[in-house]
S.K.: 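Mind looking over this structure? Questions follow.
Since the structure is predicted, the reported quantities are computational estimates derived from the model, not experimental observations. Keep in mind that the numbers below use all heavy atoms, side chains included, and drop hydrogens, waters and symmetry copies. Protein chains get the first letters and strands the later ones, always in sequence-line order, with residue 1 at the start of each.
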There are 2 protein chains.
Amino acid sequence: MSDRSRRIPEATVARLPVYLRSLAELLEDKTATVSSERLAEMAGVNAAKVRKDLSYLGSYGTRGVGYDVEYLAFQMSRELGLTHDWPVVIVGAGNLGQALANYGGFKERGFPVAALVDADRAKVGQLVHGVPVHHLDELPVLKERLGIAIGIIATPAVAAQDVADALAEAGIGSILNFAPAVISVPEGTSLRKVDLALELQILSFYQEHRDTEGV
Amino acid sequence: MSDRSRRIPEATVARLPVYLRSLAELLEDKTATVSSERLAEMAGVNAAKVRKDLSYLGSYGTRGVGYDVEYLAFQMSRELGLTHDWPVVIVGAGNLGQALANYGGFKERGFPVAALVDADRAKVGQLVHGVPVHHLDELPVLKERLGIAIGIIATPAVAAQDVADALAEAGIGSILNFAPAVISVPEGTSLRKVDLALELQILSFYQEHRDTEGV
DNA sequence: CGGGCTTTGTGAACATGTGCACGTGTTCGG
DNA sequence: CCGAACACGTGCACATGTTCACAAAGCCCG
């Protein structure tokens with residue numbers, strides 16, 4: 001099981017970055033080993049889940065001791081593909097696109113913003129936070145030249161599907177969609193979405209039901 | 001089942017806003033009725049799921065015909081608690097907080113930014129996109145005066161837990177956390193998170209495995 | 001007014017995810 | 001060298017979520 005045959009469940013993959021962040025904190029504190037219980041507390045889950053999740057990566061723990069923080073962090077980084085940077089392109093140089101380009105957290109975590117792209121030629125040539133704006137048509141060229149594998153859609157909803165098509169066409173296989181629209185991508189392309197209003201609407205549901213049905 | 005006893009599953013709740021957005025599009029097109037199949041296509045899910053999800057709201061469809069767009073949209077808005085606005089407070093007037101305050105999508109969808117709050121007194125009194133910055137200590141007052149039920153955490157990770165505590169303390173029962181940190185909230189408080197770097201790391205995992213294991 | 005067509009609503013099978021409980025390997029004190 | 005405490009790894013039962021497949025219900029047309 002812990003050998004080559006592993007296929008890591010989606011739910012586990014989604015938690016790995018949380019564990020990794022906790023491990024990074026422990027590294028800063030010079031903590032050498034950590035138990036599943038401690039890690040669970042830091043990651044906000046329960047200990048059994050931590051152990052099961054980590055077991056998909058291999059048997060990296062030691063019974064009676066715990067996990068070696070540095071070694072586990074390394075293995076996890078390797079599994080997540082974070083041993084090297086992933087340059088990203090942001091499509092859409094409007095409010096949202098510029099805000100994202102200005103956000104330092106990306107580069108810091110290994111996702112430097114290599115390029116900005118927009119369909120509006122008036123914006124081409126501008127510099128946003130030191131990153132030049134190119135035209136959408138240049139995607140394939142930029143992808144090859146800068147080794148871009150991840151595209152971020154920061155356009156209005158109506159343009160999102162076209163942009164997704166352009167990204168896929170250019171061979172960019174991972175897409176993070178900020179536009180409030182459902183988009184479809186070809187088989188083999190990864191798609192994740194971040195929808196702020198949607199999150200608020202979900203909160204609204206629970207708030208409303210608490211108010212209404214509460215004692 | 002379709003009576004009063006329904007308790008809507010989490011997974012369904014998370015999809016309702018997507019359906020609602022699709023219904024809004026249909027309304028603009030003056031479409032009177034819609035089938036589960038069409039709605040499924042628009043929402044990017046399968047038709048059986050749409051029918052099951054909608055059945056939790058009640059039996060609002062007509063066999064052989066479909067769903068009345070306007071009526072369904074109304075019922076769904078009611079269920080989601082979107083028949084009135086939900087003023088929100090953004091905590092943290094830094095880069096992210098300001099960008100969020102500037103983002104028009106919130107107000108448009110019924111979540112006006114009623115106040116900005118920061119722990120740094122130097123920022124208090126500033127205007128961001130027409131919204132004044134208050135001090136963190138004023139949360140309880142602002143909550144009462146403006147009827148705020150939702151708080152958005154847009155601070156650095158280290159401050160996130162303290163802010164969450166302050167929000168809960170002030171009686172704000174719904175929290176959307178943008179800080180890259182795991183935070184815990186008291187029983188009865190809703191918490192959702194948006195973590196950009198985490199999303200990219202998940203994409204990185206799949207990208208890496210596609211590259212490595214692909215034929 | 002009856003038969004055929006459409007589309008919902010839902011029971012049941014299946015898939016995925018979670019959490020307990022415990023066997024097993026490791027450490028350490030005496 | 002032994003026993004007790006510790007903590008991982010995992011089998012198993014349970015909970016949640018997804019999909020299929022079909023009966024029931026409504027519409028339309030001749």
S.K.: Quick one: Tyr60(B) OH to dA25(D) C1', roughly how many Å, whole number?
M.R.: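 It is 19 Å, rounded to the nearest whole Å.
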S.K.: Go through dT18(D), dG9(C), dG19(C) for me and flag the one nearest to the Ala11(B) side chain.
M.R.: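 When the side chain of Ala11(B) is considered, dT18(D) is the closest of dT18(D), dG9(C), dG19(C).
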S.K.: Does atom NZ of Lys143(B) have more than 12 heavy-atom neighbours from other groups under 6.0 Å away?
M.R.: yes
S.K.: Quick one: does Lys49(B) reach the base of dT19(D) with a side-chain donor-acceptor pair under 3.5 Å?
M.R.: no
S.K.: Check whether the side chain of Lys52(B) and the base of dG17(D) form a donor-acceptor pair under 3.5 Å.
M.R.: no
S.K.: Is there a donor-acceptor contact under 3.5 Å linking the side chains of Gln98(B) and Asn102(B)?
M.R.: no
S.K.: Counting any heavy atom closer than 4.0 Å, what does Arg15(A) reach on the DNA or RNA strands: base, sugar-phosphate only, or nothing?
M.R.: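 Sugar-phosphate only.
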S.K.: Given atom CZ of Arg38(A) and atom P of dC8(D), what is their separation to the nearest angstrom?
M.R.: 13 Å
S.K.: Please check: side-chain N/O of Ser204(B) versus main-chain N/O of Leu80(A), any donor-acceptor pairing under 3.5 Å?
M.R.: yes
S.K.: Please state whether the base of dT24(C) and the side chain of Arg63(A) form at least one donor-acceptor pair under 3.5 Å?
M.R.: yes
S.K.: Please state how far atom CZ in Arg7(A) lies from atom P in dA15(C), giving the value in whole angstrom units.
M.R.: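 About 17 Å, once rounded to whole Å.
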S.K.: I want to know whether Tyr67(A) and Tyr60(A) have ring centres closer than 6.0 Å.
M.R.: no
S.K.: Toward the 5' end of DNA chain C, which comes first, Val65(A) or Pro9(A), by nearest nucleotide?
M.R.: Pro9(A)
S.K.: Of Leu54(A) and Gly64(A), whose nearest nucleotide on DNA chain D comes first from the 5' end?
M.R.: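 The residue mapped nearer the 5' terminus is Gly64(A).
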S.K.: Thr62(A) side chain N/O closer than 4.0 Å to the phosphate oxygens (OP1, OP2) of dC8(D)?
M.R.: no
S.K.: Is the distance from OP1 or OP2 of dG9(D) to the nearest side-chain N or O of Tyr67(A) less than 4.0 Å?
M.R.: yes
S.K.: Please report, rounded to the nearest Å, how far the C1' atom of dC8(D) is from the CG atom of Asp53(A).
M.R.: 14 Å
S.K.: Figure out the CG/P separation between Asn46(A) and dC8(D), and round it to whole Å.
M.R.: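 To the nearest whole Å, that distance equals 13 Å.
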S.K.: Can you tell me the distance, in whole Å, between the CZ atom of Arg51(A) and the C1' atom of dC22(C)?
M.R.: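 The distance from CZ of Arg51(A) to C1' of dC22(C) comes to 11 Å, rounded to the nearest Å.
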S.K.: Tell me the interatomic distance from Glu37(B), atom CD, to dT19(D), atom C1', rounded to whole angstroms.
M.R.: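 Taking atom C1' of dT19(D) as the reference, CD of Glu37(B) is at 14 Å.
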S.K.: Should Ser36(B) be listed as having a side-chain N or O under 4.0 Å from OP1 or OP2 of dT7(C)?
M.R.: no
S.K.: Has Thr189(B) got a side-chain atom pairing as donor or acceptor with Val185(B)'s backbone, closer than 3.5 angstrom?
M.R.: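 Looks like no, no N/O pair under 3.5 Å.
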S.K.: Between Glu10(A) and Ala48(A), which has a closest nucleotide on DNA chain C that is more 5'?
M.R.: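 Going by which nucleotide is closer to the 5' end, it is Glu10(A).
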S.K.: CD1 of Ile8(B) versus P of dT16(D): gap in Å, rounded?
M.R.: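 Going from CD1 in Ile8(B) over to P in dT16(D) covers 15 Å.
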